Amino acid sequence: MQIILMHSRFTQAKSVTLSSRHVIFALFSFLLVTTVCAAFMAALTLKLASADLPVLRDLVPVAATDTGNKDRYVKENLAAMATKLGEMQAQLIRLDALGERVQGLAGVKPEEFNFKELPGRGGPEVSTQPAKELNMAEFQAALDAMSKDVEHRSDYMNVVETKLMGFKVQSKLLPTIQPVNVAYNASGFGWRLDPFSGRSAFHEGIDFSGPSGTPIVAAAGGVVVAAEYHPQFGNMVEIDHGGEIMTRYAHSSKIYVKLGDIVKRGQHIADIGSTGRSTGAHLHFEVHVKGVPQNPHKFLSAGANQANLAALSQK
């Protein structure tokens with residue numbers, strides 16, 4: 001092969017003769033340079049892909065980017081576990097607050113059960129069962145199980161709080177505080193000699209003897225269902241406490257509530273007097289459950305015991 005070279009600087013045309021050996025050498029050199037450039041570009045691409053560049057990483061074959069995929073897998077799992085950990089922390093904060101409310105409703109002292117302190121733990125190291133490290137899948141499973149356990153315990157604590165709240169509300173609706181601040185009971189519950197007829201008669205309440213005008217308070221919260229004059233009971237107040245429990249306050253000199261009023265536990269509702277069928281100033285106090293008269297002492301004694309327990313718990 002003959003190549004003729006022409007240029008303005010040349011005084012005459014020059015020719016170069018290429019043999020077949022020259023052509024083969026040129027092709028071999030071209031292939032060698034191309035191969036070296038391709039290898040260099042592949043190495044450069046792998047290096048850039050390991051730097052977490054999405055565009056270049058997608059161009060690299062899966063087998064060549066195995067290390068990059070592992071790093072991405074670890075990062076994605078760490079992000080998922082961090083999210084789960086944040087959710088668990090929020091649940092624990094809510095559980096601590098719920099535990100403190102339940103603690104208060106149950107009457108447990110804060111120093112006896114502090115939700116803000118970690119409980120002590122420990123134990124001997126067992127040499128026969130060597131410790132093993134958790135892999136990523138086992139750690140994720142343990143985290144999920146703990147999250148479910150926290151959620152179940154939170155639901156359980158909500159149920160306990162609801163029950164305790166119901167008991168507390170119900171206890172406030174029971175007539176357990178003494179309606180007058182006097183120590184003497186003129187007549188108890190049960191059979192007695194009627195002061196007017198002298199015959200045996202059933203006394204459906206207890207009588208508290210005291211000076212006229214002594215304040216009478218509601219033995220529990222409820223709704224006033226009667227505030228009127230009765231031929232037998234005189235000026236009388238009846239309070240419905242719910243649960244088919246009713247209290248009656250009779251023979252008062254003055255009434256301070258009216259029909260339909262909602263009264264609180266310990267609220268001043270009337271004054272001691274001697275109206276109706278009465279021999280002197282006193283309060284006739286009755287407790288009815290489902291329409292059946294009950295001994296008020298049972299309720300008042302329970303209230304006194306609760307007050308004593310509350311006083312002891314404060315010491």
Side-chain angles (χ1 to χ4, degrees), residues 167-196 200-257 259 261-311:
F167 292 150
K168 189 169 185 178
V169 171
Q170 186 177 10
S171 67
K172 288 185 177 182
L173 296 178
L174 292 177
T176 54
I177 66 170
Q178 189 166 303
V180 287
N181 189 21
V182 296
Y184 176 64
N185 296 341
S187 183
F189 177 85
W191 291 95
R192 67 169 186 176
L193 292 178
D194 186 274
F196 289 93
S200 179
F202 192 82
H203 189 227
E204 295 184 346
I206 55 177
D207 293 339
F208 294 94
S209 180
S212 182
T214 301
I216 301 171
V217 300
V223 179
V224 177
V225 293
E228 59 192 15
Y229 183 84
H230 188 278
Q232 300 290 325
F233 296 115
N235 291 328
M236 174 193 71
V237 175
E238 292 181 350
I239 300 176
D240 185 353
H241 305 286
E244 300 186 82
I245 300 175
M246 184 271 291
T247 53
R248 177 180 290 145
Y249 312 79
H251 308 303
S252 61
S253 60
K254 191 172 183 180
I255 297 175
Y256 297 100
V257 293
L259 181 65
D261 283 354
I262 298 175
V263 296
K264 298 180 180 179
R265 183 184 183 89
Q267 180 178 332
H268 186 192
I269 59 173
D271 291 334
I272 283 181
S274 184
T275 57
R277 193 170 183 266
S278 170
T279 61
H282 73 287
L283 166 66
H284 175 79
F285 177 61
E286 295 182 8
V287 177
H288 292 249
V289 178
K290 295 183 178 181
V292 179
Q294 306 290 322
N295 188 349
H297 277 300
K298 295 188 298 183
F299 295 90
L300 300 181
S301 298
N305 292 335
Q306 289 179 355
N308 292 334
L309 290 174

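For clarity, every value in this text was computed on a predicted model and none was experimentally measured. Residues: numbered from 1 along the sequence shown. When reading the values below, keep in mind they use all heavy atoms of this one structure, side chains included, and skip hydrogens, waters and symmetry mates.
- Residues F196 and R277 form a side-chain contact, since some pair of their non-hydrogen atoms from C-beta on lies under 4.5 Å apart.
- For the atom pair I245 CD1 and D240 CG, the distance stands at 9.0 Å (nearest 0.5 Å).
- One N or O on the side chain of S301 and one on the backbone of H297 form a donor-acceptor pair closer than 3.5 Å.
- Donor-acceptor pairing under 3.5 Å is lacking for the side chains of S200 and R192.
- Remark: D194 CG is packed, more than 12 non-hydrogen atoms of other residues, nucleotides or ligands lying under 6.0 Å away.
- More than 12 heavy atoms of other residues, nucleotides or ligands lie within 6.0 Å of CG in L259, so this atom counts as buried by the packing criterion.
- Pairs of residues two or more places apart, or lying in two chains, never qualify as side-chain hydrogen bond (donor to acceptor under 3.5 Å, both in side chains) while including a residue from residues 218-234.
- S212 contributes atom OG, which lies 7.5 Å from atom CG of D271 (distance to the nearest 0.5 angstrom).
- The shortest non-hydrogen separation linking S253 to G213 is OG-N, 4.2 Å.
- In this structure the side chain of T247 never reaches within 4.5 angstrom of the side chain of F299, judged on heavy atoms.
- Here the side chain of Y249 pairs a donor or acceptor atom with the backbone of A219 at under 3.5 angstrom.
- Side chain of H241 to main chain of G243: no donor-acceptor pair is present (N/O by atom type, distance under 3.5 Å, no hydrogens or angles).
- Between atom OG1 of residue T279 and atom CG of residue D207 there is a gap of 8.0 Å, rounded to the nearest 0.5 Å.
- Within the 4.5 Å cutoff, the side chain of I177 has heavy atoms near those of the R265 side chain.
- For the pair H282 and F208, the minimum side-chain heavy-atom distance is 4.5 Å or more.
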Before giving the answer on side chain to side chain contact (heavy atoms under 4.5 Å, CB included), spell out for L283 and I206 the whole-Å C-alpha distance, their side-chain angles and the decisive distance to 0.1 Å.
CA-CA 8 Å; L283 166 66; I206 55 177; over 6 Å; no
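- Without hydrogens or angle criteria, S278 side chain to T275 main chain gives no donor-acceptor distance under 3.5 Å.
- With hydrogens and angles disregarded, no donor-acceptor distance shorter than 3.5 Å links the side chain of R248 to the backbone of H284.
- Scanning both residues, A281 and P211, for their nearest heavy atoms gives CB-C, 4.4 Å.
- Listed here is the closest heavy atom pair of V182 and G210: CG1-CA, 4.4 Å.
- Contact of the V237 side chain with the V257 side chain is registered, since non-hydrogen atoms from C-beta on lie closer than 4.5 Å.
- Contact check for P215 versus H268: side-chain heavy atoms found under the 4.5 Å cut-off.
- Side-chain contact between P293 and E286: absent, with no pair of heavy atoms (C-beta onward) separated by less than 4.5 Å.
- Classified by interplanar angle (parallel below 30°, tilted 30° to 60°, perpendicular above 60°), the ring pair W191/F202 is perpendicular.
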Check step by step if side chain to side chain contact (heavy atoms under 4.5 Å, CB included) holds for S187 and H203.
CA-CA 8 Å; S187 183; H203 189 227; 3.6 Å; yes
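- For the pair V263 and I269, the minimum side-chain heavy-atom distance is below 4.5 Å.
- Listed for the Q178 side chain is a donor-acceptor partner under 3.5 Å among the backbone atoms of V180.
- A distance of 12.5 Å separates CD in Q267 from OH in Y256, rounded to the nearest 0.5 Å.
- To the nearest 0.5 Å, the span separating CD1 on I216 from CG on N235 amounts to 9.5 Å.
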Decide yes or no on side chain to side chain contact (heavy atoms under 4.5 Å, CB included) for Q294 and H288, but give the supporting numbers first.
CA-CA 6 Å; Q294 306 290 322; H288 292 249; over 6 Å; no
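- Atom-to-atom distance recorded for I272:CD1 and S209:OG is 7.5 Å, nearest 0.5 angstrom.
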